[in-house]
Colleague: 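Next up is a structure, given as structure tokens.
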Amino acid sequence: MNKVRNKKHASGRAKLADHDAEISRQGVTGSSKTDRIRTRAAWMYFVEQMTQNEIAEVLGIGRVSVVRMLADARARNEVKISIEGELAEITRIERALEKRFGLDQAIVAPLTDPQADPIPVIGAATGGFISEAMTQGMAVGVGWGRTLSSTLPYIRARPLPDFRVISLLGGVGVARQFNPPEFAWRFAQIFQGDGYLIPAPAVVDSVETKRALIERCGLKDVLAMADVLDAVILSVGGIASATTFYRGGYLSEAQREELAAKGAVGDLLFHFFDKNGSLVDHPVNDLGMSVDIDRLRRAPLRILTSGGAEKIPALIGAMSLIEPTVFITDEESARQMLAHKG
């Protein structure tokens with residue numbers, strides 16, 4: 001166990017040494033380096049919830065120095081609900097993502113251990129961005145999943161007059177913790193807005209059933225709200241697992257294998273797409289009770305937030321599929337995307 005921990009900490013110190021070398025090449029020294037280490041220490045402590053001893057080992061400094069840095073970060077008002085202060089290497093990665101994928105803004109959350117679960121740090125970064133981006137009078141369409149649910153504790157609650165939240169997908173009965181209607185409702189409550197749900201299963205048995213629900217069961221009006229969205233907040237799933245739909249009985253293993261054989265790398269609101277961002281030719285794409293891709297792309301603010309090694313092909317495909325204006329991920333996923341694309 002100790003060998004594994006020491007190896008991880010040695011890896012962390014090596015990464016920091018690489019970062020320092022890059023900063024030196026850029027001509028950034030002295031206080032900028034101190035700011036970078038202090039900000040990273042604050043992120044590791046408050047977001048990644050590492051102990052002060054663990055932070056000291058990873059950074060290669062004494063525990064007293066960690067305590068002093070954390071106190072200094074609080075005194076500088078760098079610690080609120082998110083961590084403020086730019087990391088030179090992170091900023092470089094963000095600019096590279098923006099250039100490579102045509103983004104208005106990329107936000108990359110630091111991740112000290114490349115093997116760690118990235119969702120907590122992505123959720124924290126996304127929650128901070130959403131807190132500032134939401135304004136009164138907005139109509140916001142939201143997806144679902146573990147990543148989006150993890151943003152809720154980090155969103156600053158405040159009342160926004162005439163704020164509307166529209167769930168972009170029907171309900172999933174089994175995966176209650178990450179149910180689309182549940183997330184949409186909780187998101188609306190944060191801003192004391194109105195929530196609009198799609199009262200239907202996430203997936204139906206036939207195109208005829210889908211048409212009947214839309215035309216004769218009142219769903220047409222809810223779906224039409226997607227034509228005038230000011231923003232959408234979305235995440236993607238990878239085809240390798242597709243676990244939520246599989247557990248819910250909406251996607252069989254045979255269907256998942258068929259989709260993968262046709263080139264599917266992931267799904268967005270149960271729209272399965274390939275690495276180029278094109279929807280695959282499979283009947284399952286016609287059975288989802290979700291807003292279609294063309295409507296999503298009309299929203300002027302399109303936020304895509306996701307990460308993880310298994311989702312890299314899906315994230316790259318989603319860049320062409322949905323053309324996000326804002327992309328939020330962790331630094332390890334960002335590095336893999338840039339390397340994969342390059």
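Worth saying up front: this structure is predicted, and the values here are computed from it rather than measured.
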Colleague: Can we say Glu258 and Lys262 salt-bridge, meaning some charged N sits less than 4.0 Å from an Asp/Glu carboxylate O?
Modeller: no

Colleague: Rounded to the nearest 0.5 Å, what's the gap from CG on Leu168 to CE on Met289? Could you check?
Modeller: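 Leu168 CG to Met289 CE: 13.0 Å, rounded to 0.5 Å.
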
Colleague: Assess whether a salt bridge exists between Arg297 and Asp294, defined as any Lys/Arg side-chain N lying under 4.0 Å from an Asp/Glu carboxylate O.
Modeller: no

Colleague: Would you name the heavy atoms of Ser235 and Ser306 that are closest together and state the gap between them?
Modeller: OG-OG, 3.4 Å

Colleague: Could you please spell out the steps behind the side chain to side chain contact (heavy atoms under 4.5 Å, CB included) verdict for Gln136 and Asp162?
Modeller: CA-CA 6 Å; Gln136 69 178 42; Asp162 192 28; 6.0 Å; no

Colleague: Please report the C-alpha distance between Asp117 and Arg146 in whole Å, then the side-chain angles of each, then the deciding distance to 0.1 Å, and finally whether the side chain to side chain contact (heavy atoms under 4.5 Å, CB included) criterion is met.
Modeller: CA-CA 12 Å; Asp117 180 6; Arg146 184 174 167 227; 2.3 Å; yes

Colleague: What donor-acceptor contacts under 3.5 angstrom involve side-chain atoms of residues 61-68, with partners at least two apart or in another chain?
Modeller:
| from | atom 1 | to | atom 2 | distance (Å) |
| --- | --- | --- | --- | --- |
| Arg63 | NE | Asn53 | OD1 | 3.4 |
| Arg63 | NH2 | Gln52 | OE1 | 2.8 |

Colleague: So, do Ile316 and Met337 sit near enough that their side-chain heavy atoms are less than 4.5 Å apart?
Modeller: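 Yes - at least one pair of side-chain heavy atoms lies under 4.5 Å apart.
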
Colleague: Under 6.0 Å from the CG atom of Asn276, do we count more than 12 heavy atoms belonging to anything else shown?
Modeller: yes

Colleague: For Ala109, which residues count as a side-chain contact (heavy atoms from CB on, under 4.5 Å) partner, sequence neighbours excluded?
Modeller: Trp43, Val121, Ala125

Colleague: Could you work out, with salt bridge (charged side-chain N to carboxylate O under 4.0 Å, His left out) as the rule, every residue matching Lys99, not counting sequence neighbours?
Modeller: none

Colleague: If you define the side chain from C-beta out and look only at heavy atoms, does anything of Val207 sit under 4.5 Å from Leu287?
Modeller: yes

Colleague: Report yes or no: does Arg38 contribute a side-chain atom to a donor-acceptor pair with the main-chain N or O of Asp72 at less than 3.5 Å?
Modeller: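 Answer holds: no.
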
Colleague: Find the distance between CG (Asp274) and CG (Asp281) and round it off to the nearest 0.5 Å.
Modeller: 11.0 Å

Colleague: Please report the closest heavy-atom contact between Arg295 and Asp227, naming both atoms and the distance.
Modeller: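 Where Arg295 meets Asp227 most closely, the heavy atoms are NE-OD1, 3.0 Å.
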
Colleague: If you look at every heavy atom in Leu321 and Ile293, which pair is closest and at what distance?
Modeller: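 Result for this residue pair: O-CG2, 3.7 Å.
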
Colleague: Can you sort out the partners of Phe163 under ring-ring contact (aromatic ring centres under 6.0 Å, His included), two or more places apart, ordered by chain and number?
Modeller: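 With sequence neighbours excluded, Phe163 shows a ring-ring contact (aromatic ring centres under 6.0 Å, His included) to Phe191, given in chain and number order.
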
Colleague: Using every non-hydrogen atom in the two residues, find where Ser131 and Arg156 come nearest and quote the distance to one decimal.
Modeller: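 Minimum heavy-atom separation between Ser131 and Arg156: OG-N, 2.8 Å.
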
Colleague: Within the structure provided, determine whether Arg95 and Arg92 are in side-chain contact (heavy-atom separation under 4.5 Å).
Modeller: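 They are not in contact (no side-chain heavy atoms under 4.5 Å apart), so the answer is no.
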
Colleague: Starting at CG of Leu259, measure out to CD1 of Ile239 and round the result to the nearest 0.5 Å.
Modeller: 5.0 Å

Colleague: Judged by atom type as modelled, is there a donor-acceptor pair below 3.5 Å linking the side chain of His271 to the main-chain atoms of Val291?
Modeller: yes

Colleague: Does any part of the side chain of Phe327, heavy atoms only, come nearer than 4.5 Å to the side chain of Leu315, both counted from C-beta?
Modeller: yes

Colleague: Holding to side-chain contact (heavy atoms from CB on, under 4.5 Å), I want the full list of residues that pass it with Asp230, two or more places apart in sequence or in another chain.
Modeller: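 Only Met138, Ala139 meet the side-chain contact (heavy atoms from CB on, under 4.5 Å) criterion with Asp230.
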
Colleague: Any heavy-atom pair between the side chains of Thr325 and Gln105 that's under 4.5 Å?
Modeller: no

Colleague: Is there side-chain contact between Glu331 and Ile90, with at least one heavy-atom pair below 4.5 Å?
Modeller: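 Sidechains of Ile90 and Glu331: in contact.
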
Colleague: Show your reasoning for whether side chain to side chain contact (heavy atoms under 4.5 Å, CB included) applies to Leu169 and Ile198.
Modeller: CA-CA 6 Å; Leu169 180 69; Ile198 298 177; 5.6 Å; no

Colleague: Write out all pairs satisfying side chain to side chain donor-acceptor pair (under 3.5 Å) with one or both partners inside residues 187-197, taking only residues at least two apart or from two chains.
Modeller: none

Colleague: If hydrophobic clusters are built from ILVMFWY residues whose side chains come within less than 4.5 Å, do Ile119 and Tyr154 share one?
Modeller: no

Colleague: Mind checking the CG-CG spacing from Leu148 to Leu234? Nearest 0.5 Å is all I need.
Modeller: 7.5 Å

Colleague: Please round to the nearest 0.5 Å and tell me the distance separating atom NZ of Lys311 and atom CD of Gln336.
Modeller: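 Rounded to the nearest 0.5 Å, the NZ-CD separation comes out at 13.5 Å.
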
Colleague: Kindly compute the distance separating CG (Leu304) from CD1 (Ile328), expressed to the nearest 0.5 Å.
Modeller: 9.0 Å

Colleague: Passes side chain to side chain contact (heavy atoms under 4.5 Å, CB included), Leu269 versus Leu296? Steps please.
Modeller: CA-CA 11 Å; Leu269 300 178; Leu296 298 177; 3.7 Å; yes

Colleague: Do you know which two heavy atoms are closest between Val280 and Phe273, and how far apart they sit?
Modeller: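 Taking every non-hydrogen atom into account, CG1-C, 4.0 Å.
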
Colleague: Does some side-chain heavy atom of Glu48 sit less than 4.5 Å from a side-chain heavy atom of Leu111?
Modeller: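 When only atoms from C-beta onward are counted, Glu48 and Leu111 do touch, with a gap below 4.5 Å.
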
Colleague: Which heavy atom of Pro324 sits nearest to which heavy atom of Ala318, and what is that distance?
Modeller: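 Heavy-atom minimum between the residues: CD-O, 3.9 Å.
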
Colleague: Is there a side-chain contact between Thr329 and Ile122, using heavy atoms and a 4.5 Å cut-off?
Modeller: yes

